[in-house]
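Have a look at the structure below before the remarks.
Atoms within each ligand, like the ligands themselves, are counted from 1 in listed order.
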Amino acid sequence: MKIAIGSDHAGFPVKSALKAHLCEKGHEVIDFGTDSDSVSCDYPDVAFAVAQSVAAREAERGILVCGSGIGMSIAANKVPGAYAALCNTPELAVLSRQHNNANILSLGGRIISELQAYEIADLWLDTNFKGNRHERRVSKIKQFEEKLAPTYSSSGEGRIVILDHPLVRHKVSIIRDKNTSVKEFRELVQEIAGLMVYEITRNLPLVKIEIETPIEKTIGYTLEGKKLAIVPVLRAGLGMVDGILQVIPNAKVGHIGLYRDPETLEPVEYYCKLPSDINERDIFILDPMLATGGSAAAAISLVKSRGARKVTLVCLIAAPEGVERVHQAHPDVDIYAAALDNYLNDHGYIVPGLGDAGDRLFGTK
Ligand SMILES: O=P(O)(O)OC[C@H]1O[C@H](OP(=O)(O)OP(=O)(O)O)[C@H](O)[C@@H]1O
Ligand SMILES: O=c1cc[nH]c(=O)[nH]1
């Protein structure tokens, strides 16, 4: 594994020993200093350098050592995309991976011995994130961070963005209600999809153009290149199409037909028709429900196999299980949802969810 490591003067002896230990175990270690325990230095400088390297995916994980580990973890956690955990015991190291998906380990060089540092670091590096309910909680931290630092998206890692605007939350609550009529459900799905367009298209590239107003010439902006295609997953994805086309009427529309086998819950493909220039467009896959993630992952694989390069998934209600499956299969894909729910029931339905989206849209039950 590629590991960024760093310490201040107080953490230097433990860091040097740990660095040698990690190299011996076959890890690639990038050392961000400091180089001595006799020259005092400021821990935030090292913490920021290591945290930025991890957030930018130059290193898979980071390890920081100062006297207690506290200052390093506080400083590292100011860097968007860094999730630093202060773990001076093996138990905390395991939990910080299983529950919190920490990507930086902070250690107290004056609290633990070199041998303890080896044990803690080895366990931390070997322990995987458990996902499920923890995915939901970690996603909330990422969403909060997204609000504070919306430019954090350059890492290449797919994000889960929850669009929790009050209008969206209001309308989602109505479509969840089992007494909402088919007509109202259909109208609201369209409206929510339309409201989501602003956010899902936020990073579309623009080019400058010269225009002439009735007053004078000026510089304006136009969307660059071949622009967009939306691809609803049949049936329920159809409900989102018109809401999006009202805002971006020139988007091309592909269609993918998938249904979930009721026994296995795995997707079965029955139709696919995509724009021929799909490789030149940003693709938005539409499906109101992200449950096991099987349908979404299959739809993304399908468009990628036809040449799509930039793919985004847009859904209304997501389950943590689905988010995890899509990001495991397609780590590059951003997921936008109007709500992230709790879990799947034994039949693969999202809880609390809204029931079967296709049936509620088309009145087939
Ligand atoms: O994440 P998953 O577990 O794959 O479940 C989500 C899929 O289930 C629903 O479709 P369904 O199979 O009910 O077909 P329909 O839209 O034709 O009703 C939904 O619209 C998704 O496509
Ligand atoms: O809750 C769910 C899960 C899959 N498909 C739906 O329509 N709803």
Side-chain angles (χ1 to χ4, degrees), residues 131-133 135-136 139 158 160 162 171-178 180 182 184-186 188-190 192-193 196 230-244 253-274 283-304 311-330 333-365:
N132 292 321
R133 68 184 190 282
E135 170 76 44
R136 184 178 75 243
S139 294
I160 166 81
I162 309 300
K171 289 173 195 286
V172 166
S173 301
I174 302 175
I175 59 171
R176 285 187 193 277
D177 187 337
K178 66 179 184 180
T180 296
V182 170
E184 206 184 351
F185 188 93
R186 200 178 287 150
L188 284 163
V189 166
Q190 264 194 44
I192 297 165
M196 291 176 81
I230 58 176
V231 180
V233 177
L234 308 180
R235 290 178 296 170
L238 287 175
M240 300 169 72
V241 170
D242 285 348
I244 293 187
V253 185
H255 293 88
I256 291 177
L258 291 173
Y259 70 86
R260 276 203 322 182
D261 182 296
E263 299 294 322
T264 64
L265 299 184
E266 285 305 308
V268 182
E269 183 192 329
Y270 60 88
Y271 185 77
C272 181
K273 182 81 183 168
L274 300 172
I283 309 300
F284 294 93
I285 306 250
L286 312 180
D287 194 331
M289 308 306 277
L290 176 61
T292 65
S295 306
I300 296 164
S301 296
L302 197 50
V303 295
K304 282 185 175 174
V311 185
T312 302
L313 175 65
V314 187
C315 46
L316 300 192
I317 313 255
E321 294 89 334
V323 172
E324 196 179 340
R325 180 157 172 187
V326 168
H327 275 159
Q328 254 169 23
H330 302 286
V333 168
D334 286 342
I335 303 172
Y336 288 82
L340 184 62
D341 276 9
N342 297 336
Y343 59 91
L344 298 179
N345 68 16
D346 293 344
H347 304 287
Y349 278 89
I350 300 175
V351 181
L354 50 72
D356 187 304
D359 284 342
R360 296 202 60 190
L361 265 171
F362 298 107
T364 42
K365 207 160 205 169

Within the structure, does [X] bring an N/O atom to less than 3.5 angstrom of an N/O atom in ligand 1?
| X | result |
| --- | --- |
| Ser295 | yes |
| Ala296 | no |
| Asp287 | yes |

* Take Lys171 and Val189, measure what side-chain contact (heavy atoms from CB on, under 4.5 Å) needs, and give me the verdict at the end. => CA-CA 8 Å; Lys171 289 173 195 286; Val189 166; over 6 Å; no
Any idea which atoms of ligand 1 are less than 4.0 Å away from a heavy-atom of [X]?
| X | answer |
| --- | --- |
| Thr292 | 1 (O), 2 (P), 3 (O), 4 (O) |
| Ala236 | 16 (O), 20 (O) |
| Tyr259 | 12 (O) |

* To do: Can you confirm whether something in the protein, heavy atoms only, sits under 4.0 Å from atom 10 (O) of ligand 1?
  => no
Distance-only, no hydrogens or angles: does the [X] side chain make a donor-acceptor pair with backbone N or O of [Y] under 3.5 Å?
| X | Y | answer |
| --- | --- | --- |
| His330 | Ala297 | yes |
| His327 | Val333 | yes |
| Arg360 | Leu354 | yes |
| Arg186 | Leu361 | yes |

* Can Arg176 and Asp341 be said to form a salt bridge (Lys or Arg N to Asp or Glu O under 4.0 Å), step by step? -> CA-CA 12 Å; Arg176 285 187 193 277; Asp341 276 9; 2.8 Å; yes
Among all protein heavy atoms in this structure, tell me which lies nearest to [atom], with the distance rounded to 0.1 Å.
| atom | result |
| --- | --- |
| atom 12 (O) of ligand 1 | Arg260 N, 2.8 Å |
| atom 6 (C) of ligand 1 | Met289 O, 3.5 Å |
| atom 13 (O) of ligand 1 | Asp356 OD2, 3.8 Å |
| atom 18 (O) of ligand 1 | Arg235 NH2, 2.9 Å |

* Structure fact -> Contacts of Ala318 meeting side chain to side chain contact (heavy atoms under 4.5 Å, CB included) (sequence neighbours excluded), chain-then-number -> Leu290, Cys315, Val323, Ala337, Leu340
* Contacts of Arg260 that satisfy side chain to side chain contact (heavy atoms under 4.5 Å, CB included) - sequence neighbours left out -> Leu265, Ala291, Thr292, Ser295, Tyr349
* Non-neighbouring partners of Arg235 that pass salt bridge (charged side-chain N to carboxylate O under 4.0 Å, His left out), sequence neighbours left out -> Asp359
* If you look at every heavy atom in Ala338 and Val172, which pair is closest and at what distance? -> CB-CG2, 3.7 Å
* Over all heavy atoms of both residues, which pair between Gly358 and Thr364 is shortest? Give the atoms and the distance, please. => O-OG1, 4.1 Å
* Does Ala357 come within less than 4.0 Å of ligand 1, judged by its heavy atoms? -> no
* Should Arg133 and Glu324 count as an ion pair when the cut-off is N to O under 4.0 Å? -> no
Could you give the N/O to N/O pairs under 3.5 Å linking ligand 2 and the protein, each with its distance?
{"residue": "ligand 2", "atom": "1 (O)", "partner": "Ile350", "partner atom": "N", "Å": "2.8"}
{"residue": "ligand 2", "atom": "7 (O)", "partner": "Ala357", "partner atom": "N", "Å": "2.8"}
{"residue": "ligand 2", "atom": "8 (N)", "partner": "Gly355", "partner atom": "O", "Å": "2.8"}

